[in-house]
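One structure is given below, encoded as structure tokens.
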Amino acid sequence: MPDRDSRDLVDLADIPSLAPTSTAAPVDLVSAEGGTPLLGRKARQGKLGVIGWLSLGWLVLISLAAILAPILPIPDPDEQTASLARQPPMTDGHILGGDGLGRDLFSRIIWGARASLTLAVCAILIGIVVGGLLGLVAGYFRGRTDGVLTAVFDVLLSFPQLILALTLVTVFASGEGVSGSRRMIFLILALGVVSVPVLARITRGSTLSWAQREFVQAARSIGARNRLIMFSEVLPNVLPAMFSVALLGVAVVIVAEGGLSVLGVGVQLPTPSWGNIIAEGRSDLTDSPHIVLWPTFVIFLTVFALNYLGDVVRAHFDVRESAL
Amino acid sequence: MSLGMLARRVAHLLVVLFCVTLFVALLTSMLPGDPVDAISGFASQEQKDQLREDLGLNDPVPVQYVHWLGKFVRGDLGNYYSVTGSRPVMDRVKDALPVSLQLMIYAQVLALVIAIPLGVMTAYRAGSRFDRGSNATAFGLLAIPNFALALILAYYVGVRAGWLPVQGYVKPSQDLPEHLRRMALPTISLAVAQVAVYMRLLRSDMIATLQEDFITMAKAKGISPRRVLWRHALRPSSLTLLTVAGLNVGALIGGAVIVEVIFSLPGIGTLLFQAINARQYVALQSLVAIVAVGYVLVNFFVDILYAVLDPRIRHARS
């Protein structure tokens, strides 16, 4: 792709514009000191450090909450109690108070973790599997295969990503009578499609450099099949780069779902997601800001943790996209 | 930049534009159900047939696409259909486009105005308390979704403090100070994340540049640090920033759509939102196409500008 090379000084795939808030972490790899400075000494060496452990702990906590939501001793997230409507935190034993319809906010946030995290993880899995495979093929075989695939990624990337996801969900899963599960499936697919070219470009870049290494040539010279070389020689080395981008991607998708909720095509109510709790809370913002603030805080912590860990992984494996 | 290179870029641009618009057309043609029913459920059979003919729904999809493209290029974006009649989409786009452009330009300018000095200063004082503080703040800001930031600002600055209005739009030609007041919160909501992105990017590029021989040379000649930073180091360090600023327009568009809806600004985002909710698929197709084409064009120009600004690329080609 000759048209790209002027920009290859920066690895474009590194710039996540998937979501309203771009998670910028990947872009400053060029740093002469190596690694991101704000992380502190520990993280720069690719070690977890205090913040890293806290981040990991938070992610484990919300994942557990999401998985165990049905058996946790919390109120039904759909049960409406008129007297609880718009009540501030610590009302009648409801830790975070009630939402606009008198549902327990804490319980909705816990159940919201289920929808938000499932959505984000599944979408990024699609990105990893499809994008990773295509990127691996493009980077390994080069030549015409690479040209065609890169052109496809280019076209996909030339849509503003939120708009692409918005259009896909609107077309396939909006309107009256659309079931919650259909909406969920198409949200996953749409956000997955959006993440495919991003992960594909990362994988391709990383594969390009690894596929030239001596051990790969050695494998080739003893007559190993391409498929074997790709999966057992190249892929393991490419995984760290994919993983660190995937962590950022999960954060981006969580935020993107929130954006789509504000536009009315997020996770279908009454199923709660962090995004649609905030979107619903908009109408009560003046009197009961806590409905918006608490889920926002939860998203903030989650995105922060994912970004931070993404950076740690990157530093640990010394993934330098700029050098690819 | 050579002519051949420009021609290649333009060819690439045309291919991408074709793919993008075709993709949008295919998507909208896949909408389930009869668009005519969706648009005007209560119309008589006769009116429906007329509408179907109007929309060209009886033609095969490629023909529909070509018709639509022909009109699109000439500025005919189709119509809004309602029980009371149809209205050209273009009428509303004409009013909405400036709003969105203003919002995005303000946000971009604000972000760069804050980020460039910060990036330069933190690179110059890399490792200092100021540097670490700014970076940690930037990292934190990146974790705040812009729709949430918009709501938080609306609540604390708009509702609680009452400093700025949180809704509506005033044209700059009508009342400039009021225009700026109304645009302030949306702009800030959109700019904050960009500040963090740009600052971190410029900082790391600057640090790399500051290690170069020509900077040592400049310092050795006794040029003041300020002049070295702003005159010698900034330009070569700003190329990545430029590319990312161009690419970020995609994120900015997505963000602008949401922020417009939250602050009730009558921009393209709001139109898009309304078109989705009112099932105006013709309008939806045209609006998505406008956004996508705009984004592709911005990146095209950034690409060209990039080649013009960076002598290394300019000469590598010839």
Side-chain angles (χ1 to χ4, degrees), chain A residues 2-3 6-7 9-10 12 15-25 27-33 36-38 151 154-155 158-163 166-168 170-172 174-175 251 255 258-259 262-265 278-279 281-282 285-286 289 292-293 296 299-301 303-304 307-308, chain B residues 8-9 12 16 19-20 27-28 30-31 126-127 131-132 135-136 139-140 142-148 151-152 154-155 159 193 196-197 200-201 203-205 207-208 211 240 243-244 247-248 250-251 253-255 257-258 261-262 273 276-277 279 284 288 291-292 295-296 299 303 306-307 313:
Chain A
D3 310 274
S6 63
R7 292 159 153 209
L9 293 176
V10 195
L12 293 184
I15 293 125
S17 43
L18 186 112
T21 26
S22 17
T23 341
V27 274
D28 61 2
L29 286 167
V30 213
S31 164
E33 311 165 328
T36 23
L38 62 106
D154 274 0
V155 170
S158 54
F159 266 94
Q161 304 189 301
L162 186 88
I163 304 293
L166 174 68
T167 314
L168 286 169
T170 307
V171 168
F172 293 108
S174 73
V255 171
V262 170
L263 299 175
V265 290
I278 295 176
R282 262 179 74 197
L285 186 65
T286 316
V292 165
L293 293 179
T296 298
I299 292 188
F300 172 80
L301 288 181
V303 171
F304 184 94
N307 284 354
Y308 191 86
Chain B
R8 230 186 357 246
R9 292 266 159 94
H12 181 245
V16 171
C19 293
V20 164
L27 269 180
T28 28
M30 270 190 261
L31 280 161
D131 177 33
R132 277 177 293 156
N135 272 295
F139 202 76
L142 280 173
I144 309 177
N146 59 7
F147 60 90
L151 292 173
I152 291 172
Y155 178 69
V159 179
V197 176
R200 295 182 55 178
L201 192 70
R203 176 188 175 283
S204 57
D205 270 17
I207 288 176
Q211 320 256 325
T240 325
T243 314
V244 175
L247 281 169
N248 244 328
I253 291 172
V257 170
I258 295 166
V261 171
I262 290 179
F273 176 64
I276 289 171
N277 284 319
R279 332 242 94 218
L284 179 68
V288 173
V291 171
Y295 180 49
V296 171
N299 274 307
D303 231 16
Y306 195 82
I313 292 168

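Annotation for B:P145 and A:I299: closest pair CG-CG2, 3.5 Å, computed over non-hydrogen atoms. The minimum heavy-atom distance between B:A154 and A:L285, with the atom names listed, is CB-CD2, 4.3 Å. A pairwise comparison of heavy atoms in B:F147 and A:V255 identifies CE2-O, 3.4 Å as the closest pair. Residue B:V291 comes nearest to A:P160 through the heavy atom pair CG1-CG, 3.7 Å, listed as atom of the first residue, atom of the second, then distance. When all heavy atoms are compared, the tightest approach of A:L263 to B:F273 is O-CE1, 3.2 Å.
Residues A:T296 and B:L151 fail the side-chain proximity criterion, which asks for heavy atoms closer than 4.5 Å.
The CG atom of A:L166 lies 7.5 Å from the CG atom of B:L284; values are rounded to the nearest 0.5 Å.
The contact between B:Y155 and chain A is made by backbone and side chain atoms together, counting heavy-atom distances below 4.5 Å. Residue B:V261 touches chain A through both its backbone and its side chain, counting heavy-atom pairs closer than 4.5 Å. Of the atoms belonging to A:V262, heavy atoms from both backbone and side chain fall under 4.5 Å from chain B.
No other option in B:V16, B:I276, B:V159 has as many heavy-atom pairs under 4.5 Å with chain A as B:I276. The candidate from A:L293, A:L301, A:V265 with the greatest count of non-hydrogen atom pairs under 4.5 Å with chain B is A:L293.
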